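Okay, so here's the structure we're looking at.
Computed from a predicted model, the values in this text were never measured in an experiment. Counting convention: from 1, in listed order, for ligands and their atoms alike.
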Amino acid sequence: MQQVPLNDLRRSWLATDEEVLEICRRVVQSGWYVQGEEHARFEAEFAQFVGVQHARAVGNGTDALKLAMVALGCGPGDVVLTVANAGGYTSTAAAALGARCRYVDVDPRSLIVTPELVTESIASDVRLVVVTHLFGNLVDVPGVRAVCDVAGIPVIEDCAQAIGGRYGSYSAGSVGAAGTFSFYPSKNLGAAGDGGIVTTNRSEVARHVGSLRNYGWLDRYHIDMPQGCNSRLDELQAAILRLGLRRVTELNEARRQVVEQYRVAVAGSHRWIATGEGCATTAHLAVLVTEDQRDRQEVAEFMASQGIATDIHYPVLDIDQRGLPGPLGDTALEVSRDAEKRILTLPCFPSMTEDEVGLVVSALKALSG
Ligand SMILES: *Cc1c(COP(=O)(O)O)cnc(C)c1O
């Protein structure tokens, strides 16, 4: 019998707060369902939350990546430099534009990219760099920008797992040329469906994304921009997300406290928690790095025997995905390849009970002892 699920959205603020039902009633009865008042307010509040001039809401996080890429001048045949261990969303967005990806390896402890690794991989043909704040661990974007700015290469921050994360004095999505976010239900700020947003300080990027999400129109019924599509956030999601935005800081803190207990439980063993500490992570996922593939299997089986769910984020590197165009350049990616066999995701969500966290902690201690 499963006692501790990986996540349980039936217990989330969204599923349990009566205020959400009031919001739904208000929006449905308003008679305005797409790009209305709630949508405009959400964009303004989101921009303020992240600390940028502009935010443009879109249909999902993958479209946020895709439209930000187009708005930053990326097109067919262009080269995008990114990581191969982040679930394939950037690669999917790039493939949709006809762009090709070259992959850079990651840091062995945090499993995110560093300025040093970007420096080693940057080349004159790179059109765009996408850094992913994987598991909510914040990449040193100022450092990455220092490398890319000299070469005139824009940086996109994929913040789908990092809403509300801070690194020093900056917040996720405020340093790159654009930040992209997802409101898929299981994210740190989840909607009752799909959603996404692009943040930027560049007014031309905001304008471009605003046009692309709405068929490429600048004027109504006039298709002015190529690569336009329909990718909008509906009024109901915008209204719900406005409420969620006021809770997300607290929700992130609850996640961090779960991860902190796991970290203490494995301290001194050969395994570690890849999810970072403090505000430099939003603890989107609690990822245990085991010793090797066999150790991971043993840990997963022991967890299952204790009724604890586990998963792998992510089991396939982008370079091995059959449905993606073949990668460009070096595909050795030693650290990414090694980590792919060792990572194991443990339960982590804001409404986990103390008993549930305690069960996982006991299991980790039993394994370490
Ligand atoms: C979820 C996610 C996305 C994609 O968001 P969708 O809304 O599902 O399209 C992109 N990047 C990362 C890192 C994600 O976790």
Side-chain angles (χ1 to χ4, degrees), residues 6-7 9 14 46 55-70 80 82-97 101 103-104 106 110-113 128-139 141 155-165 172-173 176 178-199 209 212-213 229-234 237-238 240-241 244 248 252 255 274-276 281-287 311-318 321 323-324 336 339-340 343 345 348-349:
L6 209 63
N7 199 345
L9 293 178
L14 181 61
F46 199 86
R56 290 293 175 272
V58 296
N60 56 71
T62 310
D63 280 354
L65 280 164
K66 189 178 79 178
L67 302 192
M69 284 175 176
V70 174
V80 175
T82 191
V83 293
N85 69 332
Y89 306 102
T90 293
S91 299
T92 300
L97 311 175
C101 289
Y103 297 97
V104 52
V106 294
S110 61
L111 306 181
I112 56 176
V113 78
L128 194 70
V129 171
V130 182
V131 297
T132 308
H133 300 300
L134 191 66
F135 315 143
N137 293 349
L138 260 70
V139 174
V141 188
V155 178
I156 292 178
E157 296 177 53
D158 181 350
C159 308
Q161 303 186 357
I163 182 172
T180 64
F181 295 78
S182 163
F183 306 119
Y184 182 76
S186 65
K187 306 291 183 185
N188 288 33
L189 173 55
D194 278 310
I197 203 164
V198 177
T199 54
V209 170
L212 292 170
R213 70 179 173 189
C229 60
N230 174 356
S231 183
R232 296 177 301 231
L233 184 74
D234 66 67
Q237 303 305 340
I240 287 170
L241 288 166
V248 71
N252 281 352
R255 287 177 183 268
T275 312
T281 189
T282 60
H284 174 62
L285 295 171
V287 174
D311 201 351
I312 297 169
H313 294 90
Y314 294 91
V316 185
L317 296 181
D318 295 25
Q321 296 282 15
L324 285 174
S336 303
E340 178 196 13
I343 47 177
T345 305
C348 177
F349 52 101

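- Every side chain to side chain donor-acceptor pair (under 3.5 Å) that Gln161 has, sequence neighbours left out, goes to Tyr314.
- Legend: residues meeting side-chain contact (heavy atoms from CB on, under 4.5 Å) with Ala64, ordered by chain and number and at least two apart, are Val58, Thr180, Val198.
- Closest heavy-atom contact between Leu6 and Asp311: CD2-CB, 3.4 Å.
- Between Phe46 and Ile163, the closest side-chain pair of non-hydrogen atoms falls below 4.5 Å.
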Can you pull every nitrogen or oxygen pair between ligand 1 and the protein closer than 3.5 angstrom?
from     : atom 1 : to     : atom 2 : distance (Å)
ligand 1 : 5 (O)  : Ser182 : OG     : 3.2
ligand 1 : 7 (O)  : Gly61  : N      : 2.7
ligand 1 : 7 (O)  : Ser182 : OG     : 2.7
ligand 1 : 9 (O)  : Gly61  : N      : 3.3
ligand 1 : 9 (O)  : Thr62  : N      : 2.9
ligand 1 : 9 (O)  : Thr62  : OG1    : 2.6
ligand 1 : 11 (N) : Asp158 : OD1    : 3.4
ligand 1 : 11 (N) : Asp158 : OD2    : 2.7
ligand 1 : 15 (O) : Gln161 : NE2    : 2.8
ligand 1 : 15 (O) : Lys187 : NZ     : 2.6

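- Every residue meeting the side-chain contact (heavy atoms from CB on, under 4.5 Å) condition with Ala86, not counting sequence neighbours, appears here in chain and number order: Val83, Thr132, Leu134.
- Inter-residue side-chain proximity for His133 and Val141 is flagged as met; some heavy-atom pair is nearer than 4.5 Å.
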